[in-house]
There are 2 protein chains.
Amino acid sequence: MRRMTARPANAHQARLLRLLRDGGPNSRAQLGDQVDLSRSKLAVEVDRLLETGLVVADGLAASRGGRRSHNIRLAPELRFLGVDIGATSIDVAVTNAELEVLGHLNQPMDVREGPVAVFEQVLAMAAKLRASGLAEGFDGAGIGVPGPVRFPEGVPVAPPIMPGWDGFPVREALSQDLGCPVMVDNDVNLMAMGEQHAGVARSVGDFLCVKIGTGIGCGIVVGGEVYRGTTGSAGDIGHIQVEPDGRACACGNKGCLEAHFSGAALARDAEDAAREGRSPELAARLEAAGRLTAADVAAAAAAGDAAALDLIREGGNRVGQVIAGLVSFFNPGLVVIGGGVTGLGHNLLASVRTQVYRQSLPLATGNLPIVLGELGPTAGVIGAARLISDHLFSPA
Amino acid sequence: MRRMTARPANAHQARLLRLLRDGGPNSRAQLGDQVDLSRSKLAVEVDRLLETGLVVADGLAASRGGRRSHNIRLAPELRFLGVDIGATSIDVAVTNAELEVLGHLNQPMDVREGPVAVFEQVLAMAAKLRASGLAEGFDGAGIGVPGPVRFPEGVPVAPPIMPGWDGFPVREALSQDLGCPVMVDNDVNLMAMGEQHAGVARSVGDFLCVKIGTGIGCGIVVGGEVYRGTTGSAGDIGHIQVEPDGRACACGNKGCLEAHFSGAALARDAEDAAREGRSPELAARLEAAGRLTAADVAAAAAAGDAAALDLIREGGNRVGQVIAGLVSFFNPGLVVIGGGVTGLGHNLLASVRTQVYRQSLPLATGNLPIVLGELGPTAGVIGAARLISDHLFSPA
DNA sequence: CGTCTTTGTCCTGGGTGTGGAGAAAGTTGG
DNA sequence: CCAACTTTCTCCACACCCAGGACAAAGACG
């Protein structure tokens, strides 16, 4: 099959493509209501898009009281690939042009095995999705990596937890392998874009998306656009100090947030609690599995284990303390919490909220929802698809 | 004299006006080099601007190797008023259209005396400037207040240190009194805009501007634009907690940054040190003046007083701790420190830098200048003038 | 003083968008 | 089943805008 070759020729066409992506199939008349173009101009631009094959006619729309309008939709055979490289696992998904997930694979893998091994795995997963008939090829791919990225070039820079990736030309390499345009970003930014597109952050202009997984990061959205900072490391809140002379962190400092609370820190604390006999629930689980994860703590807490609840509460306080500061500084309209620890759910949320509402000023917290992400592991891959579609659906 | 009535009719004209504002008088040919318009189109737009009187011809430019070009400049009789209401003083200045300060007045006054008294004072100062022949009237005014502002309406919202100002229609009232367009913003944002326009932050897209005066606030600039947050309280970092169970703060919480270090806190600490006999220098000054200010601490430190130096160092550490967190989060390209305490100078700067460079990751700090603002008290008024000129020099 | 470069002005031709007229396609109510 | 009204779509004429060429003006340079 021939893949997408055309690109929108002007801002109007780009606008139309995004409307169709975000709003699904739409009648010409409805499009006209949204874009402030004369009827003639709109007809011309739509016709041109039809010619390029980016959009197709899709039957007749329901009548609005007069002649029925023709429906327009994005070409149904367009396919985007969304890749989310986590610290310990890989998610790969195929979406259509409306960014609906058609197929999703997850595979445990340690990012420290290096870019070559990880790429091999990603390509195998992409091939598997293709083989299952979901796609005959990809029109674009977005990929998220767990570390800072020089965004324009799509290259990781000085990533702390990804030895071997520094300077690796992710964008270039993946583009070669897949034969389609590729964009690279930080995984946290993609999660934010995912929640913005299809999750809790729809229609919020300025928000924060805190991802607590193996590490801790924060996606920052300003006026609907991801903010990446001067060197691409914005949102790197895992190494904010929460305790003077606190625990030693892998980064060389002491008292970093990540050292005190994160997927990794929580697992270690849980194992300590189990070994020291403070928690029968956790001890039993440690006995059974040989090691503990955030999910075990969540389960123990659900079973009423006091030590597990304490761990969650204390972690929530720590994160809440940092978020409170960020809320004062950034004054967001929403705070989304996601990542591996969302399993800790409302216990975690409650202590975060307590901390934030207590420490920040009423003007900033007055109407500030603090919620869990609603997309879970698909947030990242949807965000990745959104990233590349934003790129492709922009004027050439 | 007739004041500015016209506004740029389109984006091109707005662009030209801003170029003339930021770059001073310019030849038509030089303008052409900067705007990517055809010669004919440029000529038309410039002619229209000349017709409106917003710009005037200004002699011949130096030759660039051929026929000499005609110079163009903003109308020399245009005047903006910049007002900066601080917690304890008022600054008012007149600028020309290029935002050069032509006259500047400063008057001590407590903002808590309320909007009516303050406005009376501001109008008196404006009248004085006008009477001195610097202006026959004002084409626009910008005003900064020490608290959060609902920006579109120009109304303070829930300002902690400005009782009586909540909901007062600052924009509307001042516009009535002066008979010209007015824009209102937080004083910290204006300082950021001032340093961006004429100070250390020229040509930096993303930066932070920390103002340490009676309180502490932070201007946030993203992509050259001031970021104000969802409710206008972004940058309100004075109430970030720096010490669990620390000093009681006026806001009702404990351990706020402002309670531990700010102009007010520093003065109190200095008086304590003087009374407790820890500092002969400060004691002498307290004896002489009856009370102490940040300036006294600066002077004592310059004289080598150990207690004063300690106060500055400790304060710098506190602020540095918070800034380190913000740097990790925001990844700015520059941090500017200004406000009343800039007199503490390099002692303060040194301890802030130490803290930031130690606590934040190298990728964020690698090329991060942390500097003092270079405009001092004029930053605010220049920023105010810039605010209104940005508004007026935008398409109607 | 002649030639070259730069700048400013005029003009024309092409492209583009607006909005009206009218046809096509449906709905609604009698 | 028909008439009147709505909505949608297409076609077209007109106005507008703008790019770029031609040319004149003004100065630099040798």
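Source: prediction; values computed, not measured. Just so it is clear: chains get the letters A, B, ... in the order the sequence lines come, proteins before strands, and each one is counted from 1.
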**Q** Which part of the nucleic acid, if any, lies within contact of B:Ala43, taking any heavy atom under 4.0 Å across all strands shown: a base, the sugar-phosphate backbone alone, or nothing?
**A**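 If one applies the 4.0 Å heavy-atom cut-off, B:Ala43 turns out to touch nothing in the nucleic acid.
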**Q** Cation over ring, A:Arg18 on A:Phe393, under 6.0 Å and within 45°?
**A**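 Not satisfied by the 6.0 Å and 45° rule.
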**Q** Going by atom types alone, do B:Ser389 and B:Arg21 pair a side-chain donor with an acceptor below 3.5 Å?
**A**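 Side-chain D/A pair, B:Ser389 to B:Arg21: present.
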**Q** Produce a footprint string for nucleotides 10-21 of chain C: one letter per nucleotide, 5' end first; B if the base is under 4.0 Å from any protein heavy atom, S if only the sugar-phosphate is, - if neither.
**A** -------SBBBB
**Q** Please check: side-chain N/O of A:Thr230 versus main-chain N/O of B:Gly333, any donor-acceptor pairing under 3.5 Å?
**A**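 Flag set: sc A:Thr230 to bb B:Gly333 pair under 3.5 Å.
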**Q** Between A:Arg386 and A:His197, is any side-chain donor less than 3.5 angstrom from a side-chain acceptor?
**A**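 On atom types as modelled, these side chains qualify, holding a pair under 3.5 Å.
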**Q** Against A:Glu45, only a single residue in A:His12, A:Gln13, A:Arg15 fulfils side chain to side chain donor-acceptor pair (under 3.5 Å); can you say which?
**A**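 Exactly one pass, corresponding to A:Gln13.
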**Q** Rounded to the nearest angstrom, tell me the gap between atom CG in B:Asn71 and atom P in C:dT7.
**A**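 Taking CG of B:Asn71 and P of C:dT7, I get 12 Å after rounding.
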**Q** Rounded to 10°, tell me the angle between the two end axes of the helix from C:dC1-D:dG30 to C:dG30-D:dC1, each built from five pairs.
**A**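 Overall, the helix from C:dC1-D:dG30 to C:dG30-D:dC1 bends by 20° from one end axis to the other.
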**Q** Keeping A:Arg171 on the side-chain end and A:Pro152 on the backbone end, is there a donor-acceptor pair under 3.5 Å?
**A**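 Here the side-chain-to-backbone pair exists.
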**Q** Would you say the ring centers of B:Tyr227 and A:Phe330 fall short of 6.0 Å from each other?
**A**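 So the answer is yes for these two rings.
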**Q** Is the positively charged end of B:Arg79 above the ring of B:Phe138, judged by distance under 6.0 angstrom from the centroid and angle within 45° of the axis?
**A**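 So B:Arg79 doesn't make the cation-pi contact.
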**Q** Polar atom pairs between nucleotides 24-27 of chain D and protein, under 3.5 Å, N or O only, would you list them?
**A**
residue : atom : partner : partner atom : Å
D:dA25  : N3   : B:Arg67 : NH1          : 3.1

